[in-house]
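The structure appears right after this line, and notes come after that.
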Amino acid sequence: MSEKHRILIVEDSPTMRQLLVFALKRLKNVEIVEAQDGMDGLRKVSSDHFDLALIDINMPVMDGLKLIRLIRGEDNLKAMPIVVITTEGAKEDRERALGLGANEYLTKPIQANRVLSVAKGLLKIDS
Amino acid sequence: MSDDRPPIFGRAEEFLTLFKRGAEFSKELIAENERLRRRILDLEQHQQFAAQDPEQWDKLREELIQRISSLEAERQSFLERMHVLEEENHQFAARYVEIEEENNNLANLYVASFQLHSTLDLSEVVKIILEIVINLVGAEVFAVYVMDERTNRLEAVASEGAEPSSFPSYSLGSGIVGRAVASGEIHCEDGGRRDDASRPVVCVPLKVQDRPVGAIAIHRLLQQKERFTPLDHELFTLLGGHAATAIFSARLYSESERKRNTIQGFIDLLTK
């Protein structure tokens, strides 16, 4: 039996969280954990192991960019793949997020199959 | 234990083994020779027979030609079948993509509908409408209007990209928003990048049966959103019905809660 992939979704919008859970549940052997802001995300990522994190940028309490910076500052979290999901479509926003260490940058409105294919690629799951 | 026999015996045994192998090999050669001799005889007979009977030869030739042509036809039919299968394969691949897209669209619609009916708190309902329009439609500047039943005007109660107060209010039947709500028809202009505060590119009237509840007016889409997709139109239709019902139910619930609290207050006053 193959091991379970643990995915963390850090997003303040319940609508987006539900949509992302819907999309990612189509992957086999995944466990999805939700966090409703950057601080909640940091708490969860610090206390548990995750194979992938999907992070929104505009969030209350702590924004996604700050969360990425903090995650990449931790030695044990440096290798965890991060996907940014945001409404910010400008080139400089993308470059800033990727520069901080995000692996992929997806803009809203998202397509569930695009999220799925990016997640598969980062988790190295065959189709 | 040592072998006491003279070495000559060992050599004799070796020679005997060698001789036996030679004999077996010779037998095999004789058998092969016999087989080849028979084959030559068969061929010679066949040749003689064919030379003696040209009709038989022609018949055989005809049969072989027919066989070749039937094999050719079979090959052609296999090739055609292969093309048909390839074509079917392409059709299945295209259908798979279509179903995949439909599946995604249904997921979006399900989530939107589920969230809209997940609460009876009016401010929560409005917040969910904002989330849906931002995240699922991809709007950057827009307002949610609610019908003020006392003044019969549509007032912006929530917005994104600008303050609600910066969006004009409308009376029923006036302006794009007022007309859309009065007619119950969705107003949608393609190419949602125009930035005109007075003229929305999309206006979704919110109605419960024939009762106007409000509207969603989108003035600008996100930078990366170039055009409306079929899913957006589905979402507009869903919002038109479900957002209206959600607002209507939340308002009714809030009113009934207020009344219940007032009655409870009276009861408490009378019983204490």
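Numbers restart at 1 for each chain; the letters A, B, ... are given by sequence-line order, proteins then strands.
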Item to check | Gap separating the CZ atom of A/Arg17 from the CG atom of B/Asn135, nearest 0.5 angstrom | outcome: 11.0 Å
Checklist entry - Which atom names give the shortest non-hydrogen contact between B/Gly138 and A/Pro109, and what distance separates them? => result CA-CD, 3.7 Å
Checklist entry - Is A/Arg26 close to B/Asn103 at the side-chain level, that is, under 4.5 Å between some pair of heavy atoms? => result yes
Next on the checklist: Just checking B/Glu163: does its CD atom have more than 12 heavy atoms from other residues, nucleotides or ligands closer to it than 6.0 angstrom?
Outcome noted: no
Item to check | Atom NZ of B/Lys127: over 12 foreign heavy atoms under 6.0 Å | outcome: no
Item to check | Student check: side-chain heavy atoms of A/Leu19 and B/Asn108 closer than 4.5 Å | outcome: yes
Checklist entry - When rounded to the nearest 0.5 angstrom, what is the spacing between CG in A/Asp93 and CD in B/Gln223? => result 8.0 Å
Checklist entry - Does any heavy atom of chain B fall under 4.5 Å from the side chain of A/Ile110, the backbone, both, or neither of them? => result backbone
Checklist outcome for this item: Turns out that what part of A/Ala23 lies under 4.5 Å from chain B's heavy atoms comes down to neither
Checklist entry - Should we count CE of A/Met62 as having more than 12 external heavy atoms under 6.0 Å? => result yes
Checklist entry - Taking all atoms of both residues into account, what is the closest heavy-atom pair of A/Lys108 and B/Gln224, and its distance? => result O-NE2, 2.7 Å
Item to check | Over 12 non-hydrogen atoms of neighbours within 6.0 angstrom of CD in B/Glu98 | outcome: yes
Item to check | Heavy-atom neighbours of A/Lys78 NZ exceed 12 at 6.0 Å | outcome: yes
Item to check | Sidechain-backbone polar pair: B/Glu131 side chain, A/Ser13 backbone, donor-acceptor under 3.5 Å | outcome: no
Next on the checklist: Ignoring hydrogens, what is the shortest heavy-atom contact between B/Ile132 and A/Thr15? Give both atom names and the distance.
Outcome noted: CG1-CG2, 4.0 Å
